[in-house]
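Every chain is numbered from 1, with letters handed out A, B, ... down the list of sequences.
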Amino acid sequence: MVKQSIAAITLAFALLLASCGGSSAPAPAPATGGEAPATGGEAPAAGGEAVTINFLTLQDDDLLIATNATIEAWKRSDPQYANVTVNIQAVPFAQIFPAIETAVASGADLDLFLADGPDMKHYAFNNAAIPLDKYFTAEEINGFLPINVQAGSYNGVFYSPGIMESCSLMFYNKDMTDEAGVQPPQGYQGWTMEEALPNWQKTVKSDAGGNVSQWGLRWGQGTYWGDYELGIVRRSAGPKGSPTYMGMAADGVTFKGYMDTPEALRAYEFQRSWYQGDIPISPQEPINQIFFNKQAAFYISPDNAIGTINRMFPDGDFNYGVTGIPYFADGAQICHTDSWHFGVSPASKNQDTAAALVKFMTGPEGAKIWYDLVRQLPARVELLNTLPEYSQPPQQYFAQAVQAIGEPRIQTPGYTEYQQVFAEFMQNVAQSDAPIDALVADAVTKIESAVAKYKGWNE
Amino acid sequence: MAQQLGTAQSATSFLGRMLNWRRQQLIVAFLFVLPAMINFATFRYIPIVQAFIASMYDYSLLGGFGDFVGGQNYMRMFTDPVFWRSMQATVLFVLYKVPLQIVLALGLAMLLARQSIGTAIVRSAILTPMVTSIIIVSIIWAMMYHSQQGLLQSLLVTLGFQKIAFLSDTGRALPAVAAMMIWKDIGFSFIIFVAGLKGIPEMYYEAGIVDGANRWQLFRHITLPLLRPIMMFVIVTQTIFSFQVFVPVYQMTQGGPLDSTKVIVYYIYQMGFRFQDMGYASAMSIVTLVLLLMVSWLQMRFLRMDD
């Protein structure tokens, strides 16, 4: 009886161990609907080797649809890729950076990842991505907008092409602005902040108890406190080329004298008034889809908002317009550029295949498929210049603005550290009454301490 | 003589069989424990040792091990104001959550320990949050707390009060997270207390009633002393769990505003994964572990049965 028990437990334990002995990576979803991932014993079909590419990307419906469509087109484009299976693992925005970092550090079976443009320098600095210059000719690299190449390069070496570009302008709900008697200017030049504030306030609707039913402004998409959106405000407080406008010293590790200038402090005070002023124009806590749900009159966003409006309101019952992004009168108008870039992992055993996929997705055919589904500024010059919608408003404004006022976010391997502290700082500006100068001094100290390890990265 | 020898041999054989049987029993027991031991070694003890080693280095996930810095990461905590704020937030969270949760769970357990009509439904209602995903619960509660559109705001306005900012107010954010976690975790304490109450023999209460004890005296002199081991288990486990709170902070407040909800595990995560400072994050993990061991030891010492 006892011997039988021992045998049974040993067998059960052996089975348990065997079941744990597979791949340590989480089971990813297949890239295309219904297609089974490649298995180890699968025989290669004619003309192509059975290869599996593990692709870590962003959990976003629009991007996933575009990713799958582009991958399918790539597999059809050349018989040698017909048997490639792309396993997609999608994670939310907040988790993509730690997910990439953990996967690369642990040597997980990761071939390809999608990363926010400014983070690419961090991955290049830490050898978490391979240079792609051997896969792209100089002519092919020149096919991308210069700001895109700048974001995807590290110390002059090309690491990562972007799938699209961005530049935020100000959308407005025309029904709401008409009702409030507000006439936003035409074109991408737009209002100054000083002009915009009373107009934002005019569109706010609230009852006697202060309960707001319609807000004036949602500044930025996605993360509520992020640098992509809110970093623009302080940079626009300084004239072009000034420390405030630059946002950071050229060494990529000095923020004192750039993030805490008198102009920047004025901008932060101005931002605080959005949430805590006599007439608050933005809620202190983010309201999801506030513009698309017709709860805010103005919305700062890249042009992918047009795609969202088209998807959510196919009958066209969302009356909107686009105007320029506001800036301070004695500063300069600016929009942050960059978007999602591809990185190939150094741990990948299929680097050539992964690079081929990147090249297709960011190439003429892939970029067009992507654009048709996502509707955001393309990173490719010829596509931007040939798409008819970018020759007429409102998308024309985006095409003009990205080249006229577009500036990459600060370029440093410490962007993630900066971004984390900056987001906390902005949250504190909006939600607390702590003195702004003390908050910014604390933030600058934290950032400089966190990025000190990158000193000399670009020398 | 031969009979005596036979008896002795028989006894020796019986003893041998008994020893053999005991050894086999031990092997069986060991095999039962082995998976748990492997699990603990792989996912607990080895990482603790590795974290301790990492804490002595300038270490980041992508950059790997840099210079050996000895105790520098530990010394850094003394001069890091955010570390102390995180510790303060963590201790406050534990103080908000654990006592209130235990009082509520014990009260509910006493009310619902005996089977009556509707008990099963109420018990299920109390236990359901416990088995619900913490990330889902955090998202839902963040929506309920929302300063403009939350369900709780609607209730307040309906009752004639002004809206209250829960998660964006430095004074209310941490208690709000603690309240949510009490709701989430109360089922665990409740079920343990119910089991403990069922283990108290009825005759003690009968004797107390015969002696003229009132309900409070029965609770004070019978229920509480006999629940002491259970109470110790609940307090120690809940303190440990509360010290490790992370997901609701990550999901609901991101540590803000003004670090008011930046509990230690969130700060460790931020340092390790956001600031690429895994060495310092490891040092803070080790200090947190030591603190938890000390707190648990103190709690066990004060609540020991033989006192």
In terms of heavy-atom contacts, does NZ of A/K294 have more than 12 from other residues, nucleotides or ligands at under 6.0 Å? yes
For the residue pair A/A105 and B/L62, what are the closest heavy atoms and their distance? N-CD2, 4.1 Å
Closest contact, heavy atoms only, B/G272 versus A/E101: O-OE1, 4.1 Å
Return the option, out of A/P286, A/S449, A/G414, with the maximum number of heavy-atom pairs under 4.5 Å with chain B. A/P286
What distance do A/W225 atom CH2 and B/Q254 atom CD have between them, rounded to the nearest 0.5 Å? 9.5 Å
Quick one: closest heavy-atom pair of B/Y250 and A/A94, and the distance? OH-CB, 3.5 Å
Quick check on B/F65: does its CZ atom have over 12 non-hydrogen neighbours (other residues, nucleotides or ligands) under 6.0 Å away? yes
Do you know which of A/Q427, A/E417, A/K453 has the most heavy-atom pairs under 4.5 Å to chain B? A/E417
Drop me the distance from B/S168's OG to A/N428's CG, to the nearest 0.5 angstrom. 11.5 Å
Take B/H146 and A/I287, measure what side chain to side chain contact (heavy atoms under 4.5 Å, CB included) needs, and give me the verdict at the end. CA-CA 9 Å; B/H146 195 283; A/I287 295 175; 3.4 Å; yes
Let me know if A/A430 has heavy atoms under 4.5 Å from chain B in its side chain, its backbone, both or neither. neither
If we only count heavy atoms from C-beta on, is the A/N126 to B/Q276 side-chain gap below 4.5 Å? no
Would you say B/F68 has more than 12 foreign heavy atoms packed within less than 6.0 Å of its CZ? yes
With a 4.5 angstrom heavy-atom cut-off, could you sort out which part of A/F125 is near chain B: side chain, backbone, both or neither? neither
Separation between CG (A/L439) and CG (B/L258), nearest 0.5 Å, reads 6.0 Å
At what distance, to the nearest 0.5 angstrom, does CG of A/N288 lie from CE of B/M143? 8.0 Å
Specify which of B/D169, B/V157, B/L167, B/D277 makes the most heavy-atom pairs with chain A at under 4.5 Å. B/L167
Within a 6.0 Å radius of atom CZ on B/F52, are there more than 12 heavy atoms belonging to other residues, nucleotides or ligands? no
Between A/Q431, A/E285, A/Q284, A/K446, which has the largest tally of heavy atom pairs under 4.5 Å with chain B? A/E285
Side chain / backbone / both / neither for A/E424 at chain B, heavy atoms under 4.5 Å: side chain
With only heavy atoms counted, which part of A/Y415 is less than 4.5 Å from chain B, the side chain, the backbone, both or neither? neither
Can you confirm whether more than 12 heavy atoms, excluding those of A/D437, are under 6.0 Å from its CG atom? yes
Toward chain A, the part of B/Q153 with a non-hydrogen atom under 4.5 Å: neither
Output the distance between atom OG1 (A/T416) and atom CZ (B/F273), rounded to the nearest 0.5 Å. 13.5 Å
Atom pair CZ (B/R274) and CD (A/Q419), whose distance is rounded to the nearest 0.5 Å: 8.0 Å
If you count every heavy atom of other residues, nucleotides or ligands that lies below 6.0 Å from A/Q214 atom CD, does the total exceed 12? yes
Looking at A/Q276, I'd like to know if its CD atom is crowded, meaning that more than 12 non-hydrogen atoms belonging to other residues, nucleotides or ligands lie closer than 6.0 Å. yes
Evaluation steps, side chain to side chain contact (heavy atoms under 4.5 Å, CB included), between A/Q420 and B/Q270: CA-CA 9 Å; A/Q420 180 77 28; B/Q270 206 176 35; 2.7 Å; yes
